[in-house]
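Input: a single structure, listed below in structure tokens.
Because the structure is a prediction, the values reported are computed rather than measured. Ligands are counted one by one from 1 in listed order, and the atoms in each one are counted from 1 as well.
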Amino acid sequence: MRFFLIGYPLGHSMSPFLHGLFLDQIGQRGTYELKELIPETFNDQIRALKQSGYSGFNITIPYKVDIMPFLDVIDPQAKAIGAVNTVVIKDGCWTGYNTDGAGYVQSLKYHYPQLFRPSSRFLVLGAGGASRGIVHALNNETCAAITISNRTVEKAATIINALPPKKDYQAISFSEAEATLDQYDAIINTTSLGMEPNVDTQAIHLNRLKQGAVVSDIVYKPFVTALIREAMSKGADVHHGHEMLVYQAALAFELWTGYNVDARPVIEAFETKLKL
Ligand code: ATR
């Protein structure tokens, strides 16, 4: 089984480590290569890969949208999200999926299954690519409402307008989110605020946090972001987004191989590697 990752720049990707552990779990040998594709020759390089003997690949920044014209089939959820992070290759046919949002939701559900109930209200901070994946995945789950809050409110409204209408949706500003915070059972940060080196920034403050609410941050460098620190100081339950990377990888691996794998031991190994 041969897999690879495309992106630019790739830096110190954790994906070969994660997929190596999944291969061990199913007792198979395989490879997971890093292919840093320079933007100038992206199209030619992708066409060349179409002739190769791989079983599948992952796509990271900045190619999650650019890969779409090269696919033979796109899963409806990935099409709705407008980005692909996983391609399955079978008999030369390339099928694109997006496992980022579903991976995030699996992690949140593992730690806080009680959040997924008919009355739950989710507040998602940010309206970029990560937000789109998470919002679409949440929309498939049991909950009452999904609100997106963003610096640029129109971007939040654009995501909401593209959702299959199943729930109560809203697009609001950060100040509206702060003022109405006690309505939400989970607050999920998908913005880059708080990420190194801007560790003292956060999208909103949590003065009106509801008792029992969960605060989650997909930023995991630093592991305890300013938002998570404020949540902890209020005694709130918190969720760290580093697990999203492992769960999205597990879902990709399952699509490629047809095997079910256990993300939990891989998360433990990942945390040891991150020295958490
Ligand atoms: P990703 O793919 O990681 O989601 P992105 O698509 O660039 O990255 O989205 C970044 C998100 O962080 C957006 O919601 C962005 O807000 P805008 O849509 O208003 O640009 C948010 N963000 C980034 N820097 C920000 C800042 N300094 N203040 C407020 N929001 C910020």
For this session: Around atom 8 (O) of ligand 1, find the nearest protein heavy atom and jot down its residue, atom name and distance.
Result: Gly129 N, 4.4 Å

Exercise. Ala127 heavy atoms, cut-off 4.0 Å: which ligand 1 atoms fall inside?
Worked result: 14 (O)

For this session: List every atom of ligand 1 that sits less than 4.0 Å from any heavy atom of Ser192, numbering the atoms from 1 in the order shown and giving each element.
Result: 12 (O), 23 (C), 24 (N)

Seminar exercise, completed: Near Gly126 (heavy-atom distance under 4.0 Å), the atoms of ligand 1 are 14 (O)

Exercise. What do you reckon, does Lys155 have a nitrogen or oxygen under 3.5 Å from a nitrogen or oxygen of ligand 1?
Worked result: yes

For this session: Tell me whether the guanidinium CZ or amine NZ of Lys273 lies under 6.0 angstrom from the six-membered ring centre of Phe17 and within 45° of its axis.
Result: yes

Exercise. For ligand 1, which atoms have a heavy atom of Ala130 less than 4.0 angstrom away?
Worked result: 1 (P), 2 (O), 4 (O)

Problem set entry | Ligand-residue contact atoms, ligand 1 with Thr152, heavy atoms, under 4.0 Å | 17 (P), 18 (O), 19 (O)

Exercise. Within the structure, does Arg151 bring an N/O atom to less than 3.5 angstrom of an N/O atom in ligand 1?
Worked result: yes

Exercise. Have Arg2 and Tyr54 got a donor and an acceptor in their side chains that come within less than 3.5 Å?
Worked result: yes

Exercise. Quick one: does Asp182's side chain have a donor or acceptor within less than 3.5 Å of a partner on Arg208's backbone?
Worked result: no

Problem set entry | Carboxylate-amine/guanidinium contact Glu243 Arg264, below 4.0 Å | yes

Problem set entry | Option whose closest heavy atom lies nearest to atom 21 (C) of ligand 1, chosen from Asp100, Thr191, Ile134, Ile148 | Thr191

